[in-house]
Amino acid sequence: MATTEMESGSLENRSEHADPDSKYPLKVLYCGVCSLPTEYCEYMPEPAKCRQWLEKNFPDVFARMTVGGRGQIKQKKKTVPQKVTIAKIPRAKKKYVTRVCGLATFDIELKEAQRFFAQKFSCGASVTAEDEIIIQGDFTDDIIDVIQEKWPEVDDDSIDDLGEVKK
């Protein structure tokens, strides 16, 4: 008896919100490129490919399709100043770690830089944040020369030594 009530309730809900001209079950056309319903293709990163597929396979649907939406708008990239900052952070007693930030603004691969620093200074190094490398030990004096030697696009003016900083 509960199923009868639910079925009748769902039919009422369907008739309240649905278009009276629609016939059920609805047939939905899915895109062959992005696998979404065709009305959502415009919100994908490359709607041009979806439009080409739709025009080739379903020209009648393509003629009725509207073009536009927020998927077409490209967001402006935030310009981050190209600056490398080096800081010495105290750990325990007389131990320090060196933090290098800003190498990614020069399109330097952080994982490669981390491996280079670990090998060069014979210590542990890790990529900890989006644009941050932590090197175990106090290498603030040597690291400026090493960075300029390895990556010549980083000049002396774009390197900032912050000295000792609290975490």
Side-chain angles (χ1 to χ4, degrees), residues 17 26 28-58 61-167:
H17 300 290
L26 294 175
V28 179
L29 177 63
Y30 289 94
C31 177
V33 177
C34 65
S35 72
L36 291 175
T38 55
E39 55 265 15
Y40 293 107
C41 287
E42 64 187 75
Y43 299 107
M44 293 307 292
E46 297 180 15
K49 288 182 179 180
C50 296
R51 270 192 237 111
Q52 287 174 351
W53 179 87
L54 192 63
E55 186 176 22
K56 180 182 172 190
N57 296 313
F58 297 97
V61 177
F62 178 77
R64 289 184 281 141
M65 189 172 123
T66 59
V67 180
R70 295 208 62 213
Q72 301 293 325
I73 300 170
K74 299 265 186 191
Q75 290 184 350
K76 294 179 184 176
K77 289 187 176 180
K78 295 178 183 174
T79 55
V80 180
Q82 289 191 324
K83 202 131 193 85
V84 175
T85 58
I86 298 167
K88 182 170 80 168
I89 302 171
R91 240 179 41 169
K93 296 183 182 176
K94 295 181 180 181
K95 296 191 183 262
Y96 294 95
V97 293
T98 306
R99 180 180 66 197
V100 181
C101 296
L103 287 176
T105 60
F106 289 94
D107 295 326
I108 296 171
E109 188 70 34
L110 291 179
K111 198 71 177 163
E112 178 188 318
Q114 172 254 318
R115 283 192 202 108
F116 175 75
F117 291 143
Q119 186 177 12
K120 180 76 176 176
F121 298 122
S122 300
C123 64
S126 62
V127 179
T128 56
E130 187 176 306
D131 191 15
E132 179 181 81
I133 297 175
I134 298 289
I135 306 165
Q136 295 176 2
D138 179 13
F139 298 105
T140 51
D141 301 332
D142 305 329
I143 201 155
I144 296 172
D145 298 329
V146 169
I147 290 173
Q148 289 175 340
E149 215 174 274
K150 175 75 173 168
W151 298 284
E153 65 266 19
V154 182
D155 58 339
D156 198 30
D157 297 333
S158 60
I159 298 178
D160 247 355
D161 188 0
L162 302 178
E164 191 170 325
V165 177
K166 289 189 177 180
K167 206 171 196 179

[atom1]-[atom2] distance between [X] and [Y], expressed to the nearest 0.5 angstrom:
X: I143; Y: K150; atom1: CD1; atom2: NZ; value: 13.0 Å
X: I144; Y: D160; atom1: CD1; atom2: CG; value: 9.0 Å
X: T140; Y: L162; atom1: OG1; atom2: CG; value: 10.5 Å
X: F116; Y: E109; atom1: CZ; atom2: CD; value: 15.0 Å
X: F117; Y: L110; atom1: CZ; atom2: CG; value: 9.5 Å
X: K88; Y: D161; atom1: NZ; atom2: CG; value: 9.0 Å

message = Could you check whether atom CD of E153 has more than 12 heavy atoms from other residues, nucleotides or ligands sitting under 6.0 Å from it?
response =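 Count over threshold, so yes.
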Review point. Would you say K49 has more than 12 foreign heavy atoms packed within less than 6.0 Å of its NZ?
Key: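 No, the 6.0 Å shell around NZ holds no more than 12 heavy atoms from other groups.
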Looking at residues at least two apart in the chain, or sitting in another chain, which of them share a ring pair (Phe, Tyr, Trp, His ring centres under 6.0 Å) with F139?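 Result, ring pair (Phe, Tyr, Trp, His ring centres under 6.0 Å) vs F139: F121.
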Got [X] and [Y] here, is their nearest side-chain heavy-atom distance under 4.5 Å?
X: I86; Y: I147; result: yes
X: V33; Y: L54; result: no
X: Q148; Y: I159; result: yes

Atom pairs and distances, side-chain donor-acceptor, residues 124-137, under 3.5 Å, sequence neighbours left out:
| from | atom 1 | to | atom 2 | distance (Å) |
| --- | --- | --- | --- | --- |
| T128 | OG1 | E132 | OE1 | 2.5 |
| D131 | OD1 | G102 | N | 3.4 |
| D131 | OD1 | L103 | N | 3.4 |
| D131 | OD1 | A104 | N | 3.0 |
| D131 | OD2 | G102 | N | 3.2 |

#### Entry: Flag, side chain of K83 to backbone of D157, donor-acceptor distance under 3.5 Å
yes
Nearest heavy-atom contact between C31 and W53 is CA-CZ3, 3.7 Å
* To do: List the steps and the verdict of side chain to side chain contact (heavy atoms under 4.5 Å, CB included) for C101 and T85.
  => CA-CA 5 Å; C101 296; T85 58; 3.3 Å; yes
